[in-house]
Novice: 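Pasting a structure here, questions to come.
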Amino acid sequence: MASLLRRAREAADGGGVPPTSLIFDCDPGVDDAIALFQAFGAPQALDLLAITTVAGNVGASLTARNARLIRQIAGRLDVPVVPGCERPMVRPPVEAGHFHGESGLGHLPIFEPEAPAYPGHAVDFIVETLMSRPEKTVSLAVTGPMTNLAMAMVREPRIVPRIKAVSAMGGARREGGNITASAEYNIYADPHAAQIVAASGCPLVMLGLDVTHQVRATAERRARIAALPTETARAATNLLTFADEVERRLGTGDDPPQHDLCAIAYLIDPSLFLTVPCRLSVETGSELTLGHTAVEFRLAAGEAGNARWATKADAQGVFDLLTETLARGPVRPA
Ligand code: RIB
Ligand code: CA
């Protein structure tokens, strides 16, 4: 455990390597919020250029408000929150309020955040940032429907070769679907966007249900976080308690998987995950299997594949990193 904590500390501190410049695109969302606390709390590893938000778990105005609210709790008003697309590219919107509550943040006390949102659109921000910064220096994490990134690629295809990495939570292979029998929510919510991103040739790492279902907030892991004296740990405990209640009532009945946290933990410490090259395709035509991710590991000789698929996670390492990060949050007032 000591070596894990040391690695978690080194990873959160960036391990001596320069921080990754990151645009974090999300639809908070209870598990997005946990991932936001991880990202906001690891400035030595992640140089957050912006949080961009998208309609998904709840509507676009709520995901933007929720990102601003989590930003304020984390004490990171230096990071702009840039609202984005208010609906998927083609299909009608489908939300996941049953898993995230009416506010999108479960039972977390809601307040109007002090700092406003950035006065621009996420798609423009993504294009302008990638076109203005040096090639291969900006990465993206995507933990909601891929609408913003896909629309940016359509608007300005020249951004694709300039992207350093895309770490996306989405899809399922061995685990089957969580919103339909064959589709995971983020891909199902905007399958056309996911197909555009998968076909783009960007350096894509997919952390799907196959791996996120290995990363569960067990009672022991939740208790370690609850014992921490910080505002971020208190908020995270509230969110994880809600997620546990919902997972037992509506989900698998097991401890709540921390889907979106995996996409951020991967960028901080890739050694926490095993990934395999694959040919990734997304179903956009069939009503029965819309949003299904077909993940083919049997590549032709010389075929590099269009994505890497995460198959294994060091769940304890992910939670050690999160716990270490939350322990450094703003301390609760006495
Ligand atoms: O399937 C899990 C994904 O759908 C997560 O990103 C969660 O926030 C929901 O959006
Ligand atoms: Ca999400």
Side-chain angles (χ1 to χ4, degrees), residues 23-39 51-60 62-67 70 81 84-85 87-88 91 93-101 103-106 108 122 140-149 166-191 193-194 197 205-217 236 239-240 242-244 246-247 250-252 254-267 282 290-293 310 313 318:
I23 296 172
F24 180 2
D25 190 72
C26 56
D27 63 334
V30 169
D31 63 324
D32 302 77
I34 298 293
L36 282 166
F37 281 135
Q38 177 60 73
I51 305 300
T52 53
T53 58
V54 68
N57 287 320
V58 290
L62 285 183
T63 58
R65 189 277 313 273
N66 292 342
I70 298 297
V81 170
C85 293
R87 55 147 298 136
R91 61 151 302 147
V94 57
E95 297 187 358
H98 49 300
F99 264 91
H100 298 273
S103 71
L105 293 177
L108 196 68
L140 291 106
V142 183
T143 65
M146 296 183 168
T147 318
N148 286 334
L149 179 53
V166 177
S167 175
M169 191 278 135
R173 183 174 184 270
R174 296 171 61 92
E175 285 292 295
N178 64 356
I179 184 82
T180 68
S182 54
E184 176 278 325
Y185 172 79
N186 286 338
I187 309 302
Y188 180 71
D190 197 339
V197 173
V205 177
M206 293 293 293
L207 297 103
L209 299 182
D210 296 10
V211 77
T212 66
H213 279 177
Q214 299 172 33
V215 184
R216 292 182 181 269
L239 291 159
L240 292 172
F242 175 85
D244 184 59
V246 166
E247 188 67 26
L250 298 180
T252 60
D254 204 339
D255 297 318
Q258 291 311 297
H259 306 290
D260 297 338
L261 177 61
C262 292
I264 297 300
Y266 175 80
L267 289 170
V282 178
L290 185 67
H292 175 71
T293 44
V318 172

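Counting starts at 1 for both ligands and their atoms, following the listed order.
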Novice: Judged by atom type as modelled, is there a donor-acceptor pair below 3.5 Å linking the side chain of R91 to the main-chain atoms of Y188?
Specialist: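 Looks like yes, one N/O pair under 3.5 Å.
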Novice: Does any N, O or S atom in D260 come within less than 3.0 Å of the Ca ion (ligand 2)?
Specialist: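 Yes - counting backbone and side chain alike, D260 has an N, O or S atom under 3.0 Å.
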Novice: Just jot down the ligand 1 atoms closer than 4.0 angstrom to any heavy atom of N178, in number order.
Specialist: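 What qualifies from ligand 1 is 1 (O), 2 (C).
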Novice: Sub-3.5 Å donor-acceptor pair from the side chain of D27 to the main-chain atoms of V58, do we have one?
Specialist: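 Looks like no, no N/O pair under 3.5 Å.
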Novice: Does E95 use its side chain to pair, donor to acceptor, with the backbone of G59 at less than 3.5 Å?
Specialist: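 Yes; at least one donor-acceptor contact below 3.5 Å.
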Novice: Is D260 close to ligand 1, meaning an N/O of one under 3.5 Å from an N/O of the other?
Specialist: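 There is such a contact, yes.
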Novice: Which residue and atom name correspond to the protein heavy atom nearest atom 7 (C) of ligand 1, and how close is it?
Specialist: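 For atom 7 (C) of ligand 1, the nearest protein heavy atom is D31 OD1, 3.2 Å.
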Novice: Which is it for D32 and ligand 1 at heavy atoms under 4.0 Å: side chain, backbone, both or neither?
Specialist: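 The answer is the side chain.
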Novice: Has T143 got an N/O/S atom less than 3.0 Å from the Ca ion (ligand 2)?
Specialist: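 A backbone or side-chain N, O or S atom of T143 is under 3.0 Å from the Ca ion (ligand 2).
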Novice: Taking just the N, O or S atoms of D27, which one is nearest to the Ca ion (ligand 2)?
Specialist: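 Minimum-distance N/O/S atom of D27 relative to the Ca ion (ligand 2) is OD1.
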Novice: Between CG of D32 and CD1 of I51, what distance do you get to the nearest 0.5 Å?
Specialist: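 It is 10.5 Å, given to the nearest 0.5 Å.
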Novice: Any idea which atoms of ligand 1 are less than 4.0 Å away from a heavy-atom of Y185?
Specialist: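 Per the distance check, 1 (O), 4 (O), 9 (C), 10 (O).
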Novice: Measure the distance from atom 10 (O) of ligand 1 to every protein heavy atom, then report the residue, atom name and distance (to 0.1 Å) of the closest one.
Specialist: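 In this structure, atom 10 (O) of ligand 1 has N57 OD1, 2.9 Å as its nearest protein heavy atom.
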Novice: State, yes or no, whether a side-chain contact exists between P28 and L36 at a heavy-atom distance under 4.5 Å.
Specialist: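 The answer is yes, as the side chains (C-beta and beyond) meet within the 4.5 Å cut-off.
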Novice: Can you tell if the side chain of H292 reaches within under 4.5 Å of the side chain of E184, non-hydrogen atoms only?
Specialist: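 Sidechains of E184 and H292: no contact.
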Novice: Only heavy atoms of T143, strictly under 4.0 Å: list the atoms of ligand 1 that pass.
Specialist: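 Going through ligand 1 atom by atom, the ones under 4.0 Å from T143 are 6 (O).
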Novice: Working note: F24 + T143, criterion side chain to side chain contact (heavy atoms under 4.5 Å, CB included); need CA distance, chi angles, decisive distance, verdict.
Specialist: CA-CA 8 Å; F24 180 2; T143 65; 3.4 Å; yes
Novice: Considering non-hydrogen atoms of the protein only, which is the closest contact for atom 3 (C) of ligand 1, and what is the distance?
Specialist: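 That would be E184 OE2, 3.3 Å.
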Novice: A side-chain contact here means heavy atoms from C-beta on lying under 4.5 Å apart; do M169 and L209 qualify?
Specialist: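 The answer is yes; the side chains approach within 4.5 Å.
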Novice: Which atoms of ligand 1 sit under 4.0 Å from any heavy atom of D27?
Specialist: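 Heavy-atom distances to D27 below 4.0 Å select 10 (O).
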